[in-house]
Each structure stands twice: as structure tokens, then as C-alpha cells.
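Reading through the C-alpha cells given below for one structure.
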Amino acid sequence: MDKKVELTDLPGVGAATAEKLKEAGYDTVLSLAVISPGELITVAGVTEQAARKIINAARDKLEMGFESGDELLKRRAQIIKLTTGCKNIDNLIGGGVESCSITECFGIYGSGKTQIAHALAVNVQLPKEKGGASGTAVFIDTEGTFRPERIMQFAKGAGLDPDKALKNIKVARAFNSDHQMILVEKIDDLIAKEKLPVKLVIVDSLTAHFRAEFIGRGTLADRQQKLNKHMHALLRLANTHNLCIYVTNQVMAKPDMFFGDPTEAIGGHIVGHNSSFRIYLRKGKKDTRVAKLIDSPNLPEGETVFMVTEDRIKDI
Ligand code: ADP
Ligand code: MG
């Protein structure tokens, strides 16, 4: 929804300087509008005068203006609410997985995170009146758990042609966190060059590579900074193209915890702050699963029960 201004559109920023800035994590005009001149001098090796000129231009380029309430309301009306196929979960999160935000499911192994991802990849293809967006899904698979067979089963359950549904999902296996981040950047091309109506981007799992790679090397702060950058790229994509983002996250054991739930989500407050909707999944009685909404700014915290079946995510 916002226009993309390139760094090289700024006076005094050529390709080489833009590259240096991007490497240091300053990859948007906004990041330059709020950088300090000192930091810019250090990172890009420019003079103080040039630094001030770049910062001022970045501020000018940004539409830092205000919007009236009715304009905001109009924009809200375009928000997609994608069905999980399960009314209970849809209601829990205010009607479905929303576009222009990140929805995160976290929970232990086998709690249903990947199953919901598959169901959403199918449901986004449904027409609007059936809870979809007549769109294409992009599935970034970091753990090798994408299963075409499951897509075909969920497609049958949703009343879609299984072969067509499968063709309408673009899957990429991400081999490490850098690869995962590059794949997100390529999604703009799918939309702009290949003209695909991408309305859902799945990253399953968001955190697994980051967690594995930073164990024993690098600092936690480095990992968090990189994860933050990754999530910002996802959010920018969501806002630019009015699309939905669904990510999954693991939990880790809290060894010092004696009461309550002895697990917490990976990625700490970075992932928490960037996700508008956080759903905690756990196993319930028999084969049921429990979904709980965590920390939502405008929805009541609640819990609901569902079940994963052969052809859908089902209400209990
Ligand atoms: P994770 O949270 O680790 O991603 P999954 O989403 O892969 O977990 O959930 C795996 C669970 O989903 C299995 O334990 C099983 O209960 C359920 N499941 C997977 N496939 C089927 C199926 N074809 N029919 C019924 N339940 C299934
Ligand atoms: Mg999984």
C-alpha cells in the first residue's frame, strides 16, 4: 500500500553506498530518515554535509503525513480475513487471518502449526465469500515438512480441484536463515514480474534456522537483530500488497519454571512485538488441540478447541 522508494533515489546515494547501507541493515528510506548523521557517516563513509543531505531527503520522500479517520476506515475495509476452515479459530482471532499483519502460531512439536499452514495455503484460493481471497500462496518451508498430499486432501475438503490447488502454491525450501531472508525478497518479483496474485505468505518455521545457527556462535543480540529485519521485510510485503503472513514458531523449555506452562516462544519480544496475532497451540484431550490467543491489543484473550482431520481443521 505504500510506494516503494529506493535508496538510490536519494541524492548522493549511488549503487555502492546503497549496498553498504543495506549490508548494515539500513535497507529502507524510513531507516535513513531516522538514522543519526554520525551513524550514517560511519556506515557509508560519507561527509557530514552529505549525510545531512541524505537524511533530509529521506525525510522528504517519506509521507510522514496524517490520515483522516475515514481514510483509515476505508483502508480497513480492504483487509482480507482468511478462514482457517475452523470457525472457532477464526472467531478467536477476530474473523480469520488478517492481511497487513503477521499471524504467528507457536507450540510444541505436533501441536498443529504446519497443518494450519497447509489449510491456509488452500483456503486463500477460495473466493472471498467463502473466506478466501482468490489468491496464490507462497510457502517457505524451512523444515522440509510441506506435503503436497496434505494440500490435495485439504483442497478436497474445501471443495477445490486438488491439482489446481497444488499448482497455485509456490513452495521453496529455505536451507538457512540467509536463504530464508532472500526468498522473502523474491516475493516482490512473483507479484510484479510473474503477476501472481499472492495473498498469503507462509514461513514454516520462522525461527528454526535462526535458533540452530546461533547456538554456540554469534550473540543473541545478533540473532534478534536479524530476525527483526526478517520480520520487517515480511511486514513491508504484507502492507505493500495487502497480503496475509502466517508464521510458525517453536517453544523452548524453561528449566527454571515450576508452575504454569513450562514453555515459552523462541525469539522473545522481537517476534512477539512484530506479530499482531499470536496463537499458542497445545495438545488437548484425546486428539484435540487447544488454541489460545495471546496479547492481542483489540481482542479478548480466549481459548478454543479444534481438531486436525484428514481433510480440514475442524471445530469441536
Ligand atoms: P507442528 O506443530 O509440529 O507443525 P503439525 O502441524 O505437523 O505439527 O501436526 C501434526 C499432527 O497433525 C499429527 O500429530 C496429527 O495429529 C495431525 N495430522 C497430520 N496429518 C493428519 C491426517 N492426515 N489426518 C489427521 N490428522 C493428521
Ligand atoms: Mg511443523
Side-chain angles (χ1 to χ4, degrees), residues 82-86 88-90 92-93 97 102-124 137-160 162 165-166 169 171-177 179-180 183 200-213 227 230 234 244-253 261-267 271 275 277-294 303-316:
L82 189 57
T83 183
T84 58
C86 169
N88 289 343
I89 303 181
D90 289 354
L92 184 74
I93 54 179
V97 171
I102 296 179
T103 300
E104 170 200 357
C105 266
F106 67 99
I108 61 163
Y109 176 77
S111 56
K113 306 179 293 290
T114 297
Q115 298 303 311
I116 293 177
H118 282 70
L120 289 170
V122 167
N123 294 345
V124 70
V138 170
F139 199 121
I140 298 178
D141 179 13
T142 77
E143 299 183 304
T145 49
F146 177 83
R147 291 288 174 276
E149 299 82 0
R150 286 300 280 145
I151 293 297
M152 295 175 87
Q153 289 170 335
F154 281 124
K156 275 186 207 148
L160 290 172
L166 209 46
I169 301 175
V171 188
R173 179 79 199 270
F175 293 101
N176 57 40
S177 63
H179 188 204
Q180 185 177 328
L183 286 170
L200 171 68
V201 173
I202 292 163
V203 187
D204 181 21
S205 135
L206 175 76
T207 47
H209 282 316
F210 288 89
R211 184 190 192 187
E213 289 164 20
L227 199 48
H230 183 40
L234 286 166
C244 309
I245 309 273
Y246 172 83
V247 303
T248 69
N249 191 4
Q250 280 103 325
V251 291
M252 57 186 169
D261 200 330
T263 52
E264 77 183 313
I266 305 290
V271 177
S275 305
F277 301 91
R278 308 194 81 189
I279 307 164
Y280 176 45
L281 298 183
R282 64 173 199 272
K283 295 184 182 177
K285 285 183 194 137
K286 294 200 172 156
D287 279 339
T288 64
R289 299 283 186 275
V290 181
K292 181 178 184 183
L293 186 67
I294 310 278
E303 271 194 2
T304 191
V305 186
F306 68 98
M307 203 164 161
V308 178
T309 67
E310 179 164 323
D311 70 348
R312 71 191 66 221
I313 307 293
K314 210 177 91 176
D315 285 306
I316 296 289

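In each ligand, atom 1 is the first atom listed, and ligand 1 is the first ligand listed.
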> What is the nearest protein non-hydrogen atom to atom 9 (O) of ligand 1, stated with its residue, atom name and distance?
Replying inline: Q115 CG, 3.5 Å
> Just heavy atoms, cut-off under 4.0 Å: does I108 contact ligand 1 by side chain, backbone, both, or neither?
Replying inline: backbone
> Distance from E143 atom CD to H209 atom NE2, nearest 0.5 Å?
Replying inline: 8.0 Å
>> Among L200, L166, L160, D311, which residue satisfies the side chain to side chain contact (heavy atoms under 4.5 Å, CB included) criterion with V122?
In response: L160
> Is K113 reaching over with its side chain to a backbone N or O of V247, donor-acceptor style, under 3.5 angstrom?
Replying inline: no
>> I'd like to check which ligand 1 atoms, numbered from 1 as shown, lie under 4.0 Å from a non-hydrogen atom of Y109.
In response: 3 (O)
>> If the test is side chain to side chain donor-acceptor pair (under 3.5 Å), which one of N249, T248, T142 qualifies with D204?
In response: T248
>> Give the atom numbers and elements of ligand 1 that come within less than 4.0 Å of a heavy atom of E310.
In response: 24 (N), 25 (C)
> Using a heavy-atom cut-off of under 4.0 Å, does the side chain or the backbone of I116 touch ligand 1, or both, or neither?
Replying inline: neither
>> Closer than 2.8 Å to the Mg ion (ligand 2): how many protein N, O or S atoms are there?
In response: 1
>> Holding to ring pair (Phe, Tyr, Trp, His ring centres under 6.0 Å), I want the full list of residues that pass it with H118, two or more places apart in sequence or in another chain.
In response: F139, F146
> Looking at atom 3 (O) of ligand 1, what's its closest protein heavy atom, distance included?
Replying inline: G110 N, 2.7 Å
>> Under 6.0 Å from the ring centre and within 45 degrees of the ring axis: does the NZ or CZ of R278 meet both conditions for the six-membered ring of Y280?
In response: no
>> Just verifying a value: how many Å separate Q250 CD and L206 CG, rounded to the nearest 0.5 Å?
In response: 9.5 Å
> Any idea which atoms of ligand 1 are less than 4.0 Å away from a heavy-atom of S111?
Replying inline: 1 (P), 2 (O), 8 (O)
> When rounded to the nearest 0.5 angstrom, what distance separates CD1 in I279 from OG in S111?
Replying inline: 11.0 Å
> Is the closest side-chain donor-acceptor distance between T83 and D90 under 3.5 Å?
Replying inline: yes
>> Quick test of your reading of the model: are R282 and E303 salt-bridged, counting only N-O distances below 4.0 Å?
In response: yes
>> Let me confirm one number: the NE2-CD distance from H230 to Q180, rounded to the nearest 0.5 Å.
In response: 4.0 Å
> Of the protein's non-hydrogen atoms, which lies at the shortest distance from atom 4 (O) of ligand 1, and what is that distance?
Replying inline: T114 OG1, 2.7 Å
> Among protein heavy atoms, which sits nearest to atom 18 (N) of ligand 1, and what does the distance come to when rounded to 0.1 Å?
Replying inline: V308 CG1, 3.8 Å
>> Could you tell me, atom by atom, which parts of ligand 1 come under 4.0 Å of a heavy atom of R289?
In response: 11 (C), 14 (O), 16 (O)
> How close does the nearest protein non-hydrogen atom get to atom 21 (C) of ligand 1, and which residue and atom is it?
Replying inline: R150 NH2, 3.6 Å
